[in-house]
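Below is one structure; the comments refer to it alone.
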Amino acid sequence: MSFQNPVFIPGPTNIPESLRKACDMPTIDHRSPLFGQILHPAREGVRKILKSDAAEVFIFPSTGTGGWETALTNTLSAGDKVLAARNGMFSHRWIDMCQRHGLEVQIVETPWGDGLPADRYEEILTADTAHEIKVVLATHNETATGVKSDIAAVRRALDAAGHPALLFVDGVSSIASMDFRFDEWGVDVAVAGSQKGFMLTAGLAIVGFSPKAMEATKTAGLPRTFFDVHDMAKGYANNAYPYTPAVGLLNGLNISCQMLLSEGLDNVFARHHRIAEGVRAAVSAWGLELCASDPSVYSDTVSAIRTPESFNATDIVTHAANTYGVAFGVGLGEVAGKVFRIGHLGSLTDVMTLSGIATAEMCMADLGLSIPLGSGVAAAQDYYRGHPAAALKSAA
Ligand SMILES: *Cc1c(COP(=O)(O)O)cnc(C)c1O
């Protein structure tokens, strides 16, 4: 007998039974109309979740990191200039990838815990009168720090500067959990993965390209083969891939999109917000602080929680795994040892979240922090009682 608790890492997330079953299917011919009946609805579902009429959706056997590479290699040439802020481990890794591809990155160093500095972007874009900057990178939700950024503000910065650069958004830990508006925000490439908001195992890089990004592919000189969107589009036209697709995962993605759309995107976002507010109530009852510097940037999918100076936050994660069989996220990069993270996205309820909060309390008490047992749980209970879940209320 094996006992599996829910995970509280910010991806991979818990997998609903229905999605596990959807991924478990017999082999079919992956170059057949039957495959097309999985592929095309999955792409259509993703397009709706992106809130886009115009995006071309491509799905690669890969992960979010492969989505970054798809975005860069299909639209840029060696030596091209990219503008990016570094405010956490994921924005750092995307910048690193740009540099390894021979791109020139203008980096705006930003405190870990702050959102993207749209005003700095505007100054830099306004000064770039020759329009040398080809792409602006924006990490919508910094999973390392639990910080959500304002993508509409980044779009306004581009528009105020009258700058034609493309806007690429990493939505790996926001898309399908937090509001994302591809068309309204003028996003040119959006990047997601299967293992976060879509509640599947890792294995798919999911990207949306705007018509303007598709136009840029015609002159982009960076080498690409596996991630070439034109090869992929040609495959799609024949109900196929240029190589072998991950059919079971694509079937899971199709069903995942159906589940999210039938719950209603606004309900999905409200559920994540409500669960997150309960976690934040607990953190505040513990007398601890979030890494996120301000409520306007609080993430509804992950909370990075600062522990007292001289305490190693990673001990909480190790202890939770060894003693209670529960997974929390460790701090990454600059905040390693300073924060631990509670992931609260995907297939999760308030009741499951209470168990995570209770476990974090047990760990902190075990490790000698003066956190009274039940303090955070009670604060979250109060919040959840005062803010009943919308879906359950309407079903009653
Ligand atoms: C998880 C994550 C990634 C990386 O995705 P992989 O699937 O691990 O390659 C990129 N960006 C953000 C914001 C993430 O949370």
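Order of appearance sets the numbers: ligands from 1, and atoms from 1 within every ligand.
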Using a 4.0 Å heavy-atom threshold (strictly under), name the region of [X] that reaches ligand 1: side chain, backbone, both or neither.
X: Trp94; answer: neither
X: Thr63; answer: both
X: Arg93; answer: neither
X: His140; answer: neither
X: Val191; answer: neither

Under 6.0 Å between ring centres: does that hold for Tyr383 and His387?
yes
What about the rings of Phe227 and Phe58, do their centers lie closer together than 6.0 Å?
no
Using a strict cut-off of 4.0 Å, indicate which atoms of ligand 1 neighbour a heavy atom of Gln195.
6 (P), 7 (O), 8 (O)
Can you label the angle between the Phe180 ring and the His140 ring as parallel, tilted or perpendicular, going by 30° and 60°?
perpendicular
With a sphere of 6.0 Å drawn around CD of Glu277, does it hold more than 12 non-hydrogen atoms of other residues, nucleotides or ligands?
yes
Polar-atom distance check: Gly64 versus ligand 1, any N or O pair below 3.5 Å?
yes
Any heavy atom of Ser173 sitting closer than 4.0 Å to ligand 1?
yes
Within the structure, is a non-hydrogen atom of Lys196 found at a distance of less than 4.0 Å from ligand 1?
yes
When you measure from atom 11 (N) of ligand 1 to each heavy atom in Asp170, Thr301, Thr65, Asn141, which option holds the nearest one?
Asp170
closest protein heavy atom to atom 15 (O) of ligand 1 is Thr143 OG1, 2.4 Å
Whether the side chain of His131 engages the backbone of His163 through a donor-acceptor N/O pair (distance < 3.5 Å, no angle test) should be reported.
no
Within the 3.5 Å criterion, strictly below it, is a donor on Thr139 or Ser91 matched to an acceptor on the partner's side chain?
no
Relative to Phe90, does Lys196 satisfy both conditions: NZ or CZ under 6.0 angstrom from the six-membered ring centre, and within 45 degrees of the ring's axis?
yes
